[in-house]
Amino acid sequence: MIVKSLQVKDYRNAAERYVELKDGVNAFVGANARGKTNLLEAVYFAGVGKSFRTPRDRELINNGKDRACISVTAEKDGITETVKIIIDKAVNKAVSINNLPITRMSELMGVCPVVLFCPDGLKIIKDAPADRRRFMDISLCQISKAYFAALSNYGKILASRNKLLKSGGATDNTLAPWNELLADVGAKIIKSRRGFCKKLTPYAAEAHAFLSDGKEALSLEYDGVTGESVDELKEELKKGFIRDRENDYRLRYTHTGPHKDDIVISVDGVDLRAFGSQGQQRTAALAMKLAEMKLLTNVLDTSPIMLLDDVMSELDASRRKRLIDALDGFQSIITATDSADFDERVNVIEI
């Protein structure tokens, strides 16, 4: 998948802007507050239907305007597709693909796949498990519409079970149907995530070895309910509901399920989440994103666009060169303040 052009109107600080992109590495270069990240964010929005900087779509509309528009045109195997998103203060956002409106966000997933690394990227290493679960979920939703549906369904079932617990009227009998539903959908989510982790690990190890010049070895392990098949996972979840029932009643919250799972990220056997240096964490986070890019390419049979926001300033000259080398053969957008960070392989776009 190659993004050919991006157009925004009344989006963030841009009244109107049109940018053409090339194959390979593209760099949005300019002083701070020029809107480089805004343009990169618009491409991400066209890929997954939301911003990575705010959960409130209305914040993306230019001050004094009623609506904003994003239009991204991409090409795969000679076929062109245009994703258009209108964000309106008065109504829900409207998404269309080739001028045909879509009714479910799942229809957008995979049309223009993206992988993002931004200043918050270290969260997937050092912050809460929720950030690592979100990393898996965003990738898996772009890979599988069924996963997107299961994740949405799981959230609704979990909210209903927690509401019942919070009401103070929960009993084993009233929780039983919710336990059955939660175990059924949760098992499918865990199986997908375990498979994702297993497939991602060799790509991540390879990318990390490249970025660290072979000095360190990265490994990943899914941390959650064990089991190979959906049926096995379902039974283990049910056992977990029984094991944690007293805590659930006392704290009025569900303690078992994929909403509590994590990824153990280690370098040379050391858990980076707790003991890694900032340099090790940054390298591992970038390796995981490069691995995600390769995995999505393999599964989707098309390459996602790699979005790297303000990453060059955090890397030394050697790692900057290695990063550009690692991006060879993929389309990417990098934001930076200095064109000197790039060599002749990079299409520099002044912003």
Side-chain angles (χ1 to χ4, degrees), residues 1-48 51-54 59-60 62-63 68-75 83 85 112-122 207 210-211 278-279 282-283 285-287 289-290 292-293 303-351:
M1 178 69 69
I2 300 296
V3 173
K4 308 298 287 187
S5 65
L6 161 68
Q7 185 170 12
V8 296
K9 183 175 182 181
D10 296 330
Y11 183 87
R12 294 281 193 181
N13 67 342
E16 190 162 6
R17 190 182 292 272
Y18 176 80
V19 179
E20 291 185 349
L21 301 173
K22 295 184 178 180
D23 298 0
V25 182
N26 298 268
F28 293 160
V29 177
N32 291 327
R34 290 286 180 88
K36 304 183 298 294
T37 298
N38 296 345
L39 293 175
L40 183 142
E41 177 191 37
V43 177
Y44 181 85
F45 202 113
V48 301
S51 165
F52 62 88
R53 298 156 78 192
T54 176
E59 292 183 3
L60 306 177
N62 200 324
N63 287 335
C69 181
I70 300 168
S71 181
V72 171
T73 298
E75 183 180 287
V83 174
I85 301 175
C112 183
V114 293
V115 172
L116 170 72
F117 185 83
C118 62
D120 283 344
L122 287 183
F210 181 78
L211 292 173
Q278 186 161 326
R282 182 178 296 110
T283 301
L286 188 52
K289 287 297 181 177
L290 291 170
E292 181 187 7
M293 178 178 67
S303 57
I305 181 168
M306 185 75 167
L307 306 174
L308 297 144
D309 184 33
D310 195 27
V311 65
M312 302 306 273
S313 61
E314 301 292 335
L315 302 174
D316 58 31
S318 174
R319 292 187 191 239
R320 285 199 295 268
K321 181 181 182 302
R322 285 185 173 275
L323 173 59
I324 299 300
D325 290 343
L327 294 172
D328 184 47
F330 297 91
Q331 188 185 36
S332 57
I333 300 175
I334 304 176
T335 66
T337 56
D338 190 352
S339 59
D341 289 337
F342 306 105
D343 58 30
E344 67 282 353
R345 293 175 291 174
V346 179
N347 175 40
V348 174
I349 302 169
E350 296 289 343
I351 304 296

Closest approach of [X] and [Y], non-hydrogen atoms and distance?
X: Ala42; Y: Val8; result: CB-CG1, 3.8 Å
X: Val72; Y: Ala46; result: CG2-CB, 3.6 Å
X: Ala287; Y: Leu211; result: N-CD1, 3.9 Å
X: Leu40; Y: Phe28; result: N-CE1, 4.1 Å
X: Ala207; Y: Leu290; result: CB-CB, 4.0 Å
X: Ala285; Y: Gly121; result: CB-O, 3.7 Å

Problem set entry | By ring pair (Phe, Tyr, Trp, His ring centres under 6.0 Å) - contacts of Tyr44 (at least two apart) |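 Phe52.
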
For this session: Could you tell me which residues satisfy ring pair (Phe, Tyr, Trp, His ring centres under 6.0 Å) with Phe342, sequence neighbours excluded, listed by chain and number?
Result: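 Expected list: none.
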
Do [X] and [Y] have side chains that get closer than 4.5 Å, going by heavy atoms?
X: Asp341; Y: Asp338; answer: yes
X: Ile70; Y: Tyr11; answer: yes
X: Glu16; Y: Tyr18; answer: no
X: Leu307; Y: Phe117; answer: no
X: Leu6; Y: Arg17; answer: no
X: Ile351; Y: Val29; answer: no
X: Val19; Y: Ile349; answer: yes

Exercise. Does Asp343 CG have over 12 foreign heavy atoms under 6.0 Å away?
Worked result: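 Atom CG in Asp343 is crowded, with more than 12 foreign heavy atoms closer than 6.0 Å.
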
Problem set entry | Within 6.0 Å of CD in Gln278, more than 12 heavy atoms from elsewhere |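 At most 12 heavy atoms, drawn from other residues, nucleotides or ligands, come within 6.0 Å of this atom.
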
Problem set entry | Residues which pass side-chain contact (heavy atoms from CB on, under 4.5 Å) with Glu59, listed by chain and number, not counting sequence neighbours |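 Here the qualifying residues are Thr54, Arg56.
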
Got a list of side-chain donor-acceptor pairs under 3.5 Å for residues 320-336, not counting sequence neighbours?
from   : atom 1 : to     : atom 2 : distance (Å)
Arg320 : NH1    : Leu315 : O      : 2.7
Lys321 : NZ     : Asp325 : OD2    : 3.0
Arg322 : NH1    : Phe210 : O      : 2.8
Arg322 : NH2    : Asp213 : OD1    : 2.9
Asp325 : OD1    : Arg345 : NH1    : 2.8
Asp325 : OD1    : Arg345 : NH2    : 3.2
Gln331 : OE1    : Val3   : N      : 2.7
Gln331 : NE2    : Val3   : O      : 2.8
Gln331 : NE2    : Lys22  : O      : 3.1
Thr335 : OG1    : Asp309 : OD1    : 2.6
Thr335 : OG1    : Asp310 : N      : 2.8

Return the [atom1] to [atom2] distance between [X] and [Y], rounded to the nearest 0.5 Å.
X: Glu75; Y: Ser5; atom1: CD; atom2: OG; value: 10.5 Å
X: Ser303; Y: Met293; atom1: OG; atom2: CE; value: 8.5 Å
X: Cys69; Y: Ile85; atom1: SG; atom2: CD1; value: 9.0 Å

Exercise. Hey, mind stepping through Leu122 and Arg282 against side-chain contact (heavy atoms from CB on, under 4.5 Å) and telling me if it holds?
Worked result: CA-CA 6 Å; Leu122 287 183; Arg282 182 178 296 110; 3.8 Å; yes

Exercise. Tell me, which pairs form a salt bridge (charged side-chain N to carboxylate O under 4.0 Å, His left out) where one or both residues lie in residues 27-41, sequence neighbours left out?
Worked result: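 Found Arg12-Glu41, Glu41-Arg53.
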
For this session: State whether a side-chain donor-acceptor pair under 3.5 Å links Asn38 with Asn13.
Result: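 Their side chains do contain a donor-acceptor pair, which is all the 3.5 Å distance test asks for.
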
For this session: Applying salt bridge (Lys or Arg N to Asp or Glu O under 4.0 Å), name anything that partners Lys9, two or more places apart in sequence or on another chain.
Result: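 Scan of Lys9 (salt bridge (Lys or Arg N to Asp or Glu O under 4.0 Å), adjacent residues dropped) gives none.
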
